[in-house]
Amino acid sequence: MNFTSTPTGPLGLSRWLRNIVDTVRTTVIGMSITIKYFFTKPVTYEYPEQRMPVAPRYRGLHYLEQDICIACRVCEKACPIDCIEIRFERHPGNVNEWFEFSLDYNKCMHCELCCYPCPVDCIHMGREYSLVKYDRSELIVDLMAWDGMRDKDHVTIQAAIDKKKKKAEEAAAKKAAQAAKAAADEPSAEDENEGEDEE
Amino acid sequence: METTPKPETMTAEVHASGLETRDMLLNIGPAHPAMHGIIRIVAKLDGEQIEEADVEIGYLHRGFEKMAEQVDYNGVMPYTDRLNYVSPLINNVGYCMAVEKMLGITVPERCQYVRVIVSEISRITDHLTCVGATAMELGAFTVFLYMIKAREFLWELVEKVTGARLTVSYCRVGGVKGDLPDDFAEPCKKAFAETRKVLEESDQLLTRNRIFTDRMAGTGVISAEDAISYGITGPFLRATGADFDVRKDSPYAVYDRLDFDVPVGTTGDNMDRYLVRMEEMQQSMKIVEQALRDMPPGPVLVNPETGREIPAAEMVDLAKMGDINAFSGGCAVAGPTLEGSGRAHQPSIATDEKRVFLPAKEDAYGNIEGLMNQFKLVMFGHGIRPPNGEVYFPVEGANGELGFYVVSDGAAHAYRVRVRPPCFAIMSALEHMLTGDMIADMIPTFGSVNMIGGELDR
């Protein structure tokens with residue numbers, strides 16, 4: 001240990017002088033270090049005017065690629081504090097009608113656990129970090145780009161419905177044909193049945 | 001001899017003159033400028049001397065252990081960040097290694113190096129905060145600012161790796177979230193140069209400063225026997241002369257391959273604790289430099305075999321169309337924050353245990369095994385399920401031995417989690433250290449304890 005430990009013993013003249021010398025010496029050393037900083041550039045940023053660059057992996061506010069989201073609700077489940085809320089309705093043709101995909105930033109702690117399980121890689125964390133609002137209720141942010149459905153989705157749904165109808169009609173026609181065929185073969189079938197009954 | 005009055009006669013005279021002395025109860029805290037953390041100390045004072053000190057803890061109790069029973073094993077990660085919030089990465093590593101021990105899996109070598117690197121950077125930030133705050137409470141505000149400046153550079157490193165400065169949530173059961181950034185050694189070198197400069201300056205400002213040494217040396221003394229009987233670990237125990245370090249005595253990760261010294265004090269006073277912490281920071285930087293040098297190289301992002309990158313969204317489109325051959329040899333470039341999903345570099349930072357780690361997105365889309373693996377981990381009623389059993393795993397936290405005791409009953413969340421916080425043992429010895437000291441000595445003693453409310457009260 002090479003620091004000056006407190007000397008023990010009676011306060012003699014030598015120790016009194018040494019105290020003074022020590023005090024002056026350490027003060028001079030300290031001042032000479034601190035005075036250097038007077039001439040260097042500050043490392044701090046004036047926040048609202050200047051902004052520190054954030055890292056590429058920075059975990060800021062979320063953004064959602066709604067086009068590729070399949071509404072599987074995995075992110076909702078992965079969230080440890082349940083701050084994601086998803087409401088949607090699935091229509092024929094795998095079209096989702098969106099009502100809500102909201103994130104409660106009152107609760108969110110930006111842990112990024114929602115992003116990893118996503119099977120289509122559609123929810124990310126961006127680099128924006130300031131979310132200043134006047135009211136708490138405004139912190140519940142909807143991540144959707146559009147509500148409900150897009151125009152072309154109606155076409156997809158209609159196509160799916162038409163396809164379904166067509167399939168149903170085809171199936172009905174097939175069934176009818178089968179029934180007709182069965183009717184043509186009816187007597188023999190009946191005979192067989194009667195024969196079975198008799199036995 | 002006759003002129004000197006005997007003590008009995010003196011007391012008699014005092015009583016006779018009506019100058020009765022009484023002890024004074026002084027309430028310090030829970031919110032007090034000299035208390036970094038919420039804690040209450042009821043001190044019984046005889047003049048300026050502390051006769052008794054009643055330490056009252058529990059003001060920051062949040063029920064961490066109960067919360068850990070409610071969420072799945074990876075969901076505990078954000079909560080562990082908030083245990084010792086000055087070095088959250090060590091908590092992350094400790095919890096993950098406890099769960100991994102229970103599952104019986106080993107993580108890849110590169111991942112172990114990554115965990116060591118981030119742990120040691122955290123240890124430096126913790127010691128910088130502790131020493132800086134202690135110095136500030138003794139009036140050396142400049143040192144505090146310099147040390148916080150150095151900590152800022154280190155937290156920028158942490159931000160580069162994890163994406164957050166304080167609430168990192170970096171580790172996952174079976175690995176870490178993402179690899180180190182490509183050019184991590186360069187900023188690391190720069191930040192360490194700054195930190196070394198700050199440490200040298202602080203050393204000049206404090207170590208030989210008369211005021212600082214007078215207040216630190218000889219105060220808050222605890223002997224090695226007492227410290228061991230209280231269960232104290234970490235720099236606090238090492239300052240008393242007992243040589244115990246979890247990194248040396250039961251090495252975890254790759255600490256047994258790294259060359260570092262464990263500084264040990266002699267007297268067990270505040271000055272020794274300060275010196276031990278200052279030296280540990282130098283050793284931690286040495287460890288990080290060694291680890292960065294020795295770390296096995298791992299591929300990053302581009303598939304080394306084909307060298308082909310595919311944007312994640314494009315890959316999803318191809319997969320939806322069923323054109324799996326179009327992206328089978330490539331490697332997905334995930335979103336800006338999703339650096340950890342590429343198949344090429346995932347094996348270097350995460351175990352290939354399919355029970356615990358999500359498959360790369362290429363696998364989730366490219367083959368049925370990957371898809372099933374993904375679903376088995378994310379669907380309700382599935383997830384990481386360790387076998388029945390209990391496990392205790394200690395790591396060397398910044399304040400001492402940080403242990404996690406996890407009990408599993410085979411479900412997707414822990415049956416019981418218990419933390420052994422290093423602060424807790426030190427706080428129970430605080431009364432022992434304060435008794436007999438002056439009231440002004442309480443400030444450096446409490447500062448060198450480095451009480452962190454988050455891990456003490458949990």
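Lettering follows sequence order; numbering is per chain, from 1. Atom set for the values below is all heavy atoms of this structure, side chains included, hydrogens, waters and symmetry mates excluded. Quick caveat: nothing in here was measured; it's all calculated off a predicted structure.
- Contact annotation for B:Q70: neither backbone nor side-chain heavy atoms come within less than 4.5 Å of a heavy atom of chain A.
- Here the side chain of B:Q204 pairs no donor or acceptor atom with the backbone of A:I29 at under 3.5 angstrom.
- Between the side chain of A:R57 and the main chain of B:E159, no donor-acceptor pair closer than 3.5 Å is present.
- Rounding to the nearest 0.5 Å places CD1 of A:I33 at 7.5 Å from OH of B:Y146.
- The contact between A:C118 and chain B is made entirely by backbone atoms, counting heavy-atom distances below 4.5 Å.
- Applying the side-chain hydrogen bond (donor to acceptor under 3.5 Å, both in side chains) rule to pairs touching residues 160-174 of chain B yields B:D81-B:S169, B:E152-B:R165, sequence neighbours excluded.
- By the 6.0 Å contact criterion, CD on B:E200 is open, its count of non-hydrogen atoms from other residues, nucleotides or ligands being 12 or less.
- Using a 4.5 Å cut-off between heavy atoms, B:V168 contacts chain A through its backbone alone, with no side-chain atom that close.
- The shortest non-hydrogen separation linking A:P80 to B:P78 is CG-CG, 4.2 Å.
- Within 6.0 Å of CD1 on A:I86 lie more than 12 heavy atoms contributed by other residues, nucleotides or ligands.
- The neighbour count for A:E46 CD, taken as heavy atoms of other residues, nucleotides or ligands under 6.0 Å away, does not exceed 12.
- Counted within 6.0 Å of CE on A:M52, heavy atoms from surrounding residues, nucleotides or ligands total more than 12; the atom is thus considered enclosed.
- Ranked by heavy-atom pairs shorter than 4.5 Å toward chain B, the options A:T34, A:V43, A:V54, A:I81 are led by A:T34.
- For B:F153, the part sitting under 4.5 Å from any heavy atom of chain A is the side chain, from C-beta outward, and nothing else.
- Only the side chain of B:R82 has a heavy atom closer than 4.5 Å to any heavy atom of chain A.
- Atom OH of A:Y116 and atom CG of B:N74 lie 11.5 Å apart (nearest 0.5 Å).
- Taking chain B as the reference chain and counting heavy-atom pairs below 4.5 Å, the highest number among A:L113, A:T23, A:V74 is found for A:L113.
- Only the side chain of B:V71 comes within less than 4.5 Å of a heavy atom in chain A; its backbone stays farther off.
- Atom-to-atom distance recorded for B:L205:CG and A:T27:OG1 is 11.0 Å, nearest 0.5 angstrom.
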